[in-house]
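Contents: one structure, followed by commentary.
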Amino acid sequence: MNRTVGLDLLYSEKQIADEVRRLAGEITLTYNDSGEELVVAVVLKGAFFFASDLARQIKLPILVDFVKLSSYNGMNTTGRITMTKDMETPLAGKNVIILDDIIDTGISLEFLRDRLIERNPKSLKICTLIDKSGKRQRDVTADFVGFHCSGGFLVGYGLDLDEKFRELPAIYMLR
Ligand code: IMP
Ligand code: MG
């Protein structure tokens, strides 16, 4: 297919679906006994396919909300991070889980985690579909991880290169 020239398949649709199911099970087990609603904070735009698939398989009452971050340097997240869309849900006393597509340097998730902690949630955990450990610059650890990947630039299933390739149903590595 012309559109995928220069892309090598990394995780197939089936691998993603299996991993999402496993993650949903892990999350359900973790919060099962809390008897409380789980607030799911989806990081736009990258995590939106992931969140849509995952949320439908979490067997708990959840409240879905969205947050959008941007960095000054475009593709490089070494710049300053700002929250361009905030959540609408009050987090005080709530169990909150952040859903992100990928952790790379950790700069954006560290920023978001610190902003949300200020709101005094009862608990705050992080779930990422992909943990790219090779370039980590911040002490951010995800509590729930789909795939571990050492490096490269990935697209598809929500992940983009300058807004392109998000809609691909599988995940590819740029050649
Ligand atoms: P970090 O702040 O460096 O951890 O970067 C986090 C954000 O950068 C992710 O949520 C993605 O939106 C984006 N990002 C990092 N690596 C990739 C990649 O390989 N493909 C697409 N987006 C990426
Ligand atoms: Mg992102």
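One-based numbering along the sequence shown. Just so you know, ligand 1 is whichever comes first in the structure, and atom 1 is the first atom listed for that ligand. Bear in mind that the values here come from a model prediction, so they are computed numbers and not experimental data.
Under a 4.0 angstrom heavy-atom cut-off, Leu109 registers as lying outside contact with ligand 1. Contact analysis leaves Val155 out of contact with ligand 1, as no non-hydrogen atom separation drops below 4.0 angstrom. The closest approach between a heavy atom of Gly106 and any atom of ligand 1 is below 4.0 Å.
Listed by chain and number, the residues in a side chain to side chain contact (heavy atoms under 4.5 Å, CB included) with Ser12 are Leu9, Lys14, Gln15 (sequence neighbours excluded).
A side-chain donor-acceptor contact under 3.5 Å links Thr82 and Ser70.
Below 4.0 Å from some heavy atom of Asp101 lie the following atoms of ligand 1, by number and element: 9 (C), 10 (O), 11 (C), 12 (O). Annotation for ligand 1: atoms under 4.0 Å from non-hydrogen atoms of Asp160 are 21 (C). Interface of Asp100 with ligand 1, defined as ligand atoms under 4.0 Å from a residue heavy atom, comprises 10 (O).
Here the rule is side chain to side chain contact (heavy atoms under 4.5 Å, CB included) with Tyr11, and of Leu129, Ile171, Asp18 only Ile171 fits it. Just one residue in the list Leu154, Leu161, Leu168 forms a side chain to side chain contact (heavy atoms under 4.5 Å, CB included) with Leu7, and that residue is Leu168.
Closest heavy-atom approach to atom 20 (N) of ligand 1 within the set Val140, Leu154, Leu159, Thr105: this belongs to Leu154.
The side-chain tip of Arg113 does not point at the ring of Phe111 from less than 6.0 angstrom away and within 45° of straight on.
Within the structure, the salt bridge (Lys or Arg N to Asp or Glu O under 4.0 Å) test picks out the following pairs touching residues 81-99 (sequence neighbours left out): Glu37-Lys94, Asp86-Arg119.
Between Phe153 and ligand 1, not a single N/O pair is under 3.5 Å apart.
Only the side chain of Lys132 comes within 4.0 Å of ligand 1, judged by heavy-atom distances. When heavy-atom distances to ligand 1 are checked against a 4.0 Å cut-off, Leu161 has no atom that comes that close, whether in backbone or side chain.
Using a cut-off of 4.0 Å between Lys/Arg side-chain N and Asp/Glu carboxylate O, Lys45 and Asp101 are scored as not salt-bridged.
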